[in-house]
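In what follows, every chain begins at residue 1, and chains take the letters A, B, ... in the order their sequences are listed.
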There are 2 protein chains.
Amino acid sequence: MSAISERRERERAHRHQLIITAARELAETEGWEAVTTRRLADRVEYSQPVLYSHFNGKDAIVSAVALDGFGELATHLRRARQAAPGPAHALRAVCRAYLDFATERPALYQAMFILPTELTFASAETPAPLRACFDEFVSCFPPANERRELFAEVLWGALHGIAVLSESGRIPPAGQEERIDLLVTRFADSPASPGTP
Amino acid sequence: MSAISERRERERAHRHQLIITAARELAETEGWEAVTTRRLADRVEYSQPVLYSHFNGKDAIVSAVALDGFGELATHLRRARQAAPGPAHALRAVCRAYLDFATERPALYQAMFILPTELTFASAETPAPLRACFDEFVSCFPPANERRELFAEVLWGALHGIAVLSESGRIPPAGQEERIDLLVTRFADSPASPGTP
DNA sequence: GCAGGATGTCTAGCGTTGCTAGAATTCGCT
DNA sequence: AGCGAATTCTAGCAACGCTAGACATCCTGC
């Protein structure tokens, strides 16, 4: 149970990641409806049952892809926020970065926010990347605002709504910039945050 | 081709609606994943192929349910708006009504906004009920606001995002009222709408 | 009243899906 | 070399959306 099983475990971990990236690539090129366990097994050059020795089922694979996506989204948002010339522009930068992410990686975004997921949100065992994403939204508002979390929730919801409605053609795909404009001007913190009476 | 075929056509139309309501009931009690063509055919006491003589496929049935949903949502929103004590309260009333609708009829809401649909949004041949829903949001803003439509789009997006994120547990289901509060205060029209320079 | 034809409905089945039991194989160890 | 265990594959299940072709039903014209 030494070097030999260590190597096996390493190989196993490698294959684990291989499955995830294969699923993601397949989804990004042909959409999630093309990601079947058979095609995925083909892609990783193993038979179907090995997928089930790594994941509890297809949903777990999708969730694993989604988790990677949250990690990437978190760094994407942080970079945008930190590159902004000042806190006043941070909000806009993060909003734009979020919508960019959603439109440029639609499959990944679907895995994160639309497909059934096994990830636990807003709870004690919420994975760090999810929390990091949320924190990026929180950081768009000054610490003086006692309701930053609420602001972050609503802003996130608004961005998600805009992203998904435009992606599915329920609102015109054009005009995203104006929507960001409106959202930003509406959410830019007022001088004194309206406190609860 | 007279009374006899008229009756047949009547019966056919009746069965058409029967399928739609059966699909909706099944979805509302057991969720859309339980709505299979076999179970639906069982429910309406016909064999599977008759479904396909009425609809092009399962998606078309879902879309028909969604269309009914849009009709109901439009009247729901209009009632709320008109019952509000004044235009200042209309915005809040409509927002609340929208989120109520989403949480009280989750299956219907899914058919309208989440499941793949054949309905055409934001186009020339957009069905009237969809347009009516959108118009309700537009009516929340004074005609003096030259960008009412943009406001409506973003508000709708925000509400949709909040609805779907909380429904799927991605933000805590509690605290909806505070989110409405924030959204309303942020979107309540400023005295002079910030015009484009 | 009764054959003929059109209309409508059902039975049966195709290909695919997610998932799994049990056979077969491989591989390290003594 | 051969045993034992871990791993991988073959084969198959039940359910899915959808459809072709057999079957029944009903109106029409004689």
Side-chain angles (χ1 to χ4, degrees), chain A residues 1-20 22-24 26-27 30-66 107 110-111 114-118, chain B residues 1-20 22-24 26-27 30-66 107 110-111 114-118:
Chain A
M1 52 175 62
S2 56
I4 171 82
S5 50
E6 273 180 26
R7 190 214 58 202
R8 295 235 259 203
E9 207 159 330
R10 224 163 38 228
E11 287 174 351
R12 188 174 170 78
H14 177 71
R15 198 173 56 179
H16 188 91
Q17 195 57 40
L18 184 67
I19 294 171
I20 297 177
R24 174 172 171 172
L26 205 46
E30 307 187 39
W32 280 107
E33 76 281 353
V35 181
T36 71
T37 57
R38 272 167 247 267
R39 291 197 60 183
L40 187 52
D42 250 38
R43 194 97 157 200
V44 298
E45 296 179 303
Y46 282 93
S47 66
Q48 275 182 286
V50 311
L51 302 181
Y52 294 90
S53 78
H54 284 271
F55 301 94
N56 273 339
K58 193 186 172 182
D59 285 357
I61 298 176
V62 177
S63 300
V65 174
Q110 267 186 37
I114 298 174
L115 299 181
T117 190
E118 297 180 346
Chain B
M1 54 173 64
S2 56
I4 172 81
S5 50
E6 274 180 26
R7 188 215 58 201
R8 295 235 259 204
E9 207 159 329
R10 224 164 39 227
E11 287 174 350
R12 187 174 171 77
H14 177 71
R15 197 173 56 179
H16 189 91
Q17 195 57 40
L18 184 66
I19 293 171
I20 297 177
R24 173 173 173 173
L26 206 45
E30 307 188 40
W32 279 107
E33 74 283 352
V35 181
T36 71
T37 57
R38 273 167 246 265
R39 292 197 60 182
L40 187 52
D42 249 38
R43 193 98 156 200
V44 298
E45 296 179 304
Y46 282 93
S47 66
Q48 274 182 289
V50 310
L51 302 181
Y52 293 89
S53 78
H54 285 271
F55 301 94
N56 274 339
K58 192 187 173 183
D59 285 357
I61 298 177
V62 177
S63 300
V65 173
Q110 268 186 36
I114 298 175
L115 299 180
T117 188
E118 298 180 346

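Looking at B:Gln48, its side chain has no donor and acceptor atom pair within 3.5 Å of the base of C:dC10.
A straight line from NE2 of A:His54 to C1' of C:dC19 spans 16 Å, rounded to a whole angstrom. Here the C1' atom of nucleotide C:dT16 and the NZ atom of A:Lys58 are 12 Å apart, to the nearest Å. Put simply, OH on A:Tyr46 is 10 Å from C1' on D:dT7, counting in whole angstrom units. Rounding to whole angstrom units, CZ of residue B:Arg12 and C1' of D:dT25 are separated by 16 Å. Per the geometry, CD belonging to B:Glu33 stands 16 Å off P belonging to C:dG18, to the nearest Å. Nucleotide D:dC16 holds its C1' atom 15 Å from the CG atom of B:Asp42, rounded to whole Å. The CZ-P distance, from B:Phe55 to D:dC18, rounds to 13 Å in whole Å. When rounded to the nearest whole Å, the span between CG of A:Asn56 and C1' of C:dC19 equals 12 Å.
Contact between the side-chain N/O atoms of A:Thr37 and the OP1/OP2 oxygens of C:dG18 is found at a separation under 4.0 Å. In this model, the phosphate group of C:dT17 is approached by a side-chain N or O of A:Thr36 to a distance below 4.0 Å at OP1 or OP2. Here A:Arg15 reaches the OP1 or OP2 of D:dT8: one of its side-chain N or O atoms lies under 4.0 Å away. Look at A:Arg38 and you won't find any side-chain N or O under 4.0 angstrom from OP1 or OP2 of D:dC9.
Applying the 6.0 Å contact sphere to CD of B:Glu11 captures more than 12 heavy atoms from other residues, nucleotides or ligands.
To the nearest 0.5 Å, atom CZ of residue A:Arg15 and atom CG of residue A:Leu51 are 9.0 Å apart. Within the model, atoms CG of B:Leu40 and CD1 of B:Ile61 stand 5.5 Å from one another, a figure rounded to the nearest 0.5 Å.
By the 4.5 Å heavy-atom criterion applied to side chains, A:Ile19 and A:Tyr46 are not counted as neighbours. Between A:Trp32 and A:Val65 the shortest side-chain heavy-atom distance falls below 4.5 Å.
Comparing A:Pro49 and A:Arg39 by the nucleotide of DNA chain C that holds the closest heavy atom to each, the one mapping nearer the 5' end is A:Arg39.
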